[in-house]
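First up is the structure itself, then whatever we jot down about it.
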Amino acid sequence: DTAVSQTPKYLVTQMGNDKSIKCEQNLGHDTMYWYKQDSKKFLKIMFSYNNKELIINETVPNRFSPKSPDKAHLNLHINSLELGDSAVYFCASSQGGPRTDTQYFGPGTRLTVL
Amino acid sequence: DQQVKQNSPSLSVQEGRISILNCDYTNSMFDYFLWYKKYPAEGPTFLISISSIKDKNEDGRFTVFLNKSAKHLSLHIVPSQPGDSAVYFCAAYSGYALNFGKGTSLLVTP
């Protein structure tokens, strides 16, 4: 009965490929996020959607495109994968707007680009 | 440009003793701070938070202290237990986004 789930957990692919990571939350939250944890272990926000509307779009290459078909899902599509995209990607969700008390994180997707 | 800093990458503490994890921040606009705990191969889980209008918040064995003038917060775990061994991230809100520190890996030894 996972609150925030991500698929796949591991993703190994070649440079130049296009891949997607899916995220689903069953908490009824309004806001969802994508974070990237790089090799230096920094966790950085990439995108945030509130009620299917994009509210945060950090300096991320436009090869990365989030898609929110409904409030419970926020998928991350990555085109033309590069070596530097290798990282762990975490999806999260929270109820409401800024400075919400708690963001709930998924287990992460480890992406390895060869 | 790291606005939340955790300068100790690791900490080892004996079971039953106090663990103190430190965090510094540079942005004086931050007004809400959180600590997250992360086990390997799992996502971060919320532990405790503090608003800038307070200087202390306690939840069981966990207490967070905030020193606004020093732009410093700390997490105290008393008594430490082996199950507390994990990476602890300090975070602060900037709008909707959480700004995370790099984390401190805590090892509690029996």
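In what follows, chains are A, B, ... by sequence order, proteins preceding strands, each numbered from 1. Computed over heavy atoms, backbone and side chain alike; hydrogens, waters and symmetry mates excluded. Owing to the predicted nature of the structure, the values given are computational and were not obtained by experimental measurement.
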What do you reckon, are the aromatic ring centroids of A:Y35 and B:F100 less than 6.0 Å apart? yes
Report yes or no: do B:F62 and B:L106 belong to one cluster of Ile/Leu/Val/Met/Phe/Trp/Tyr joined by side chain heavy-atom distances under 4.5 Å? yes
So which atom in B:E42 and which in A:F90 form the shortest heavy-atom distance, rounded to 0.1 Å? O-CE2, 3.8 Å
Rounding to 0.5 Å, atoms CG (B:L34) and OG1 (A:T102) come to a distance of 7.0 Å
Given A:F105, which of B:Y36, B:F46, B:Y39 fulfils the ring-ring contact (aromatic ring centres under 6.0 Å, His included) condition? B:Y36
Taking every heavy-atom pair that is under 4.5 Å apart, which of A:K44, A:Q6, A:K40 has the most such pairs with chain B? A:K40
Within a radius of less than 6.0 Å around NZ of B:K54, do more than 12 heavy atoms belonging to other residues, nucleotides or ligands occur? no
Does any heavy atom of chain B fall under 4.5 Å from the side chain of A:L43, the backbone, both, or neither of them? both
Within one Ile-Leu-Val-Met-Phe-Trp-Tyr cluster: B:V4 and B:I50, side-chain cutoff 4.5 Å: yes
Suppose a student defines contact as a heavy atom less than 4.5 Å from any heavy atom of chain A. Which residues in residues 79-90 of chain B would they list? B:F89
ILVMFWY cluster, B:W35 and B:V78 together (side-chain gap under 4.5 Å): no
With sequence neighbours left out, which residue pairs that include part of residues 28-64 of chain A fulfil the disulfide bond (SG atoms under 2.5 Å apart) condition? none
Heavy-atom neighbours of A:K71 NZ exceed 12 at 6.0 Å: yes
Same apolar cluster: A:M46 and A:Y33, side chain cutoff 4.5 Å: no
Is it possible for you to say whether A:I78 and A:Y10 belong to one hydrophobic cluster, with membership spreading through side-chain heavy-atom contacts below 4.5 Å? no
Is the CZ atom of B:R17 crowded by more than 12 outside heavy atoms at less than 6.0 Å? no
Could you please spell out the steps behind the side-chain contact (heavy atoms from CB on, under 4.5 Å) verdict for A:K41 and B:K38? CA-CA 12 Å; A:K41 305 300 182 189; B:K38 184 182 179 306; over 6 Å; no
